[in-house]
Amino acid sequence: TRMNFSQQQQQQQQQQQPAFASSFTGTAVAATPPSAAATSPRRPAPCAVLGSRTSSPAFTTSTKTHTVTVRFGKKEKLIEVDTDADLRKSLLANGIDVYTLGGKLRNCGGGGQCGTCLVAIDEGLYRTNPRTAREDHLLYDKPDEWRLACRTRVNGDITVRTKPQA
C-alpha cells in the first residue's frame with residue numbers, strides 16, 4: 001500500500017517507541033498516548049511518562065521509609081522518614097528539639113551556616129550522605145560522627161543522639 005510522508009513518519013515513530021508492562025494486566029502499553037498521532041511531523045510526540053500530568057499506576061515509584069532511632073537525654077523515640085529526607089526537618093516535624101537554648105536564639109533555619117543543629121550519628125553513619133565542605137569547616141575539631149542535622153540526608157536506618165555537646 002502507498003503511504004504519504006506523515007503516515008511513514010508515524011509508522012517509524014510507533015516502531016521506535018518502547019513498550020512498558022502494565023502493572024495491572026501484564027500487557028504492553030505504548031509510551032505515547034493515542035493523541036500523538038495528531039501531532040505535527042516537526043514536533044516530537046509527548047511522552048506518556050514525562051509529559052503527562054496524571055500519574056499512571058504502571059509508572060509510579062514507591063518511596064522507601066527508614067527508621068530513625070532518636071536518643072535525647074534518657075529518652076528514646078522512633079520516627080519514620082523517607083529516603084533522602086532532611087534529618088533536621090524530620091526531627092522537628094516529629095516534635096524533637098535539636099537546638100540548645102543558644103541554638104534556639106541564633107539558628108539559621110537549616111541553612112547550614114550556624115552549626116547549632118548538631119547531632120551525633122551513633123549507629124548507621126554509612127547510611128547518611130558524606131559530610132559537606134561546610135560541615136567539615138564548622139566541625140573541624142569535632143568527632144566524625146557529629147553532623148549538622150540540616151545537612152544530613154537519611155538513606156537507611158540510623159540511631160541519632162541530639163545535642164551531643166550538652
Side-chain angles (χ1 to χ4, degrees), residues 17-24 29-33 35-36 39 43-166:
Q17 293 298 324
F20 299 97
S22 170
S23 61
F24 292 110
V29 179
T32 55
S35 63
T39 59
R43 190 170 169 195
C47 178
V49 178
L50 300 175
S52 175
R53 290 195 179 265
T54 60
S55 62
S56 167
F59 302 115
T60 57
T61 58
S62 62
T63 54
K64 186 170 168 111
T65 58
H66 305 289
T67 303
V68 176
T69 306
V70 185
R71 295 180 183 147
F72 46 100
K74 294 182 180 180
K75 298 178 184 176
E76 191 172 282
K77 184 175 182 179
L78 298 176
I79 62 171
E80 293 291 319
V81 300
D82 290 336
T83 298
D84 206 37
D86 180 319
L87 183 58
R88 177 187 164 275
K89 288 180 183 176
S90 299
L91 293 173
L92 293 175
N94 283 282
I96 298 168
D97 187 21
V98 296
Y99 299 111
T100 60
L101 179 60
K104 289 177 188 174
L105 299 174
R106 57 182 169 81
N107 74 73
C108 66
Q113 302 298 312
C114 64
T116 59
C117 59
L118 274 176
V119 294
I121 311 293
D122 291 334
E123 294 175 23
L125 182 61
Y126 64 96
R127 294 184 184 126
T128 62
N129 60 317
R131 262 190 184 185
T132 63
R134 183 69 185 159
E135 280 183 287
D136 283 337
H137 176 73
L138 289 171
L139 307 175
Y140 69 94
D141 60 342
K142 305 288 191 255
D144 289 340
E145 66 269 6
W146 284 25
R147 300 289 308 271
L148 297 180
C150 65
R151 291 290 173 240
T152 304
R153 301 288 177 261
V154 181
N155 295 311
D157 296 349
I158 61 172
T159 301
V160 175
R161 184 169 26 104
T162 62
K163 305 174 194 172
Q165 71 277 25

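Heavy-atom basis, side chains included; hydrogens, waters and symmetry copies ignored.
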Trainee: Quick one, D157 with R127, criterion salt bridge (charged side-chain N to carboxylate O under 4.0 Å, His left out). Give me CA distance, side-chain angles, the key distance, then yes/no.
Mentor: CA-CA 7 Å; D157 296 349; R127 294 184 184 126; 5.8 Å; no
Trainee: Within a strict 4.5 Å, meaning less than it, do heavy atoms of the I121 and L87 side chains meet?
Mentor: yes
Trainee: Going through the checks in order, is the side-chain contact (heavy atoms from CB on, under 4.5 Å) test met by E76 and V70?
Mentor: CA-CA 6 Å; E76 191 172 282; V70 185; over 6 Å; no
Trainee: Under the side-chain contact (heavy atoms from CB on, under 4.5 Å) criterion, do R71 and V160 qualify, and how do the steps go?
Mentor: CA-CA 6 Å; R71 295 180 183 147; V160 175; over 6 Å; no
Trainee: Look up atom CG in L91 and atom CG in D86, then write down how far apart they are to the nearest 0.5 Å.
Mentor: 9.0 Å
Trainee: Starting at CG of L139, measure out to CH2 of W146 and round the result to the nearest 0.5 Å.
Mentor: 8.5 Å
Trainee: Is the closest side-chain heavy-atom distance between D97 and K104 below 4.5 Å?
Mentor: yes
Trainee: To the nearest 0.5 Å, what is the distance between CG (D84) and NE2 (H66)?
Mentor: 9.0 Å
Trainee: Using every non-hydrogen atom in the two residues, find where S90 and A85 come nearest and quote the distance to one decimal.
Mentor: OG-CB, 3.8 Å
Trainee: Do you see a donor-acceptor pair shorter than 3.5 Å between the side chains of Y99 and R106?
Mentor: no
Trainee: In the structure I gave you, are the side-chain heavy atoms of K142 and Q165 within less than 4.5 Å of one another anywhere?
Mentor: no
Trainee: Check whether the side chains of T67 and E80 place a donor and an acceptor atom closer than 3.5 Å, and report yes or no.
Mentor: yes
Trainee: In the structure I gave you, are the side-chain heavy atoms of T116 and T100 within less than 4.5 Å of one another anywhere?
Mentor: no
Trainee: Hey, mind stepping through V119 and R161 against side-chain contact (heavy atoms from CB on, under 4.5 Å) and telling me if it holds?
Mentor: CA-CA 6 Å; V119 294; R161 184 169 26 104; over 6 Å; no
Trainee: What is the distance from atom CG of D82 to atom CZ of R153, rounded to the nearest 0.5 Å?
Mentor: 12.5 Å
Trainee: Please examine the side chains of L125 and I158, heavy atoms only from C-beta on, and report whether any two atoms are closer than 4.5 Å.
Mentor: no
Trainee: What do the steps show when you test R147 against T128 for side chain to side chain donor-acceptor pair (under 3.5 Å), and what is the final call?
Mentor: CA-CA 10 Å; R147 300 289 308 271; T128 62; 3.2 Å; yes
Trainee: Which atom names give the shortest non-hydrogen contact between C114 and C108, and what distance separates them?
Mentor: SG-N, 3.4 Å
Trainee: Between V68 and V154, is any pair of side-chain heavy atoms under 4.5 Å apart?
Mentor: yes
Trainee: Measuring from atom CD of E145 to atom CD of E123, what distance do you get when rounded to the nearest 0.5 angstrom?
Mentor: 12.0 Å
Trainee: Taking I96's backbone N and O only, do any of them form a donor-acceptor pair with N94's side chain (distance below 3.5 Å, no angle check)?
Mentor: no
Trainee: Between CZ of R134 and CG of L148, what distance do you get to the nearest 0.5 Å?
Mentor: 9.0 Å
Trainee: Apply salt bridge (charged side-chain N to carboxylate O under 4.0 Å, His left out) to the pair E135 and R151, showing each step before the final yes or no.
Mentor: CA-CA 8 Å; E135 280 183 287; R151 291 290 173 240; over 6 Å; no
Trainee: Can you tell if the side chain of V98 reaches within under 4.5 Å of the side chain of K163, non-hydrogen atoms only?
Mentor: no
Trainee: For a 4.5 angstrom cut-off between non-hydrogen side-chain atoms, does N129 reach T152?
Mentor: yes
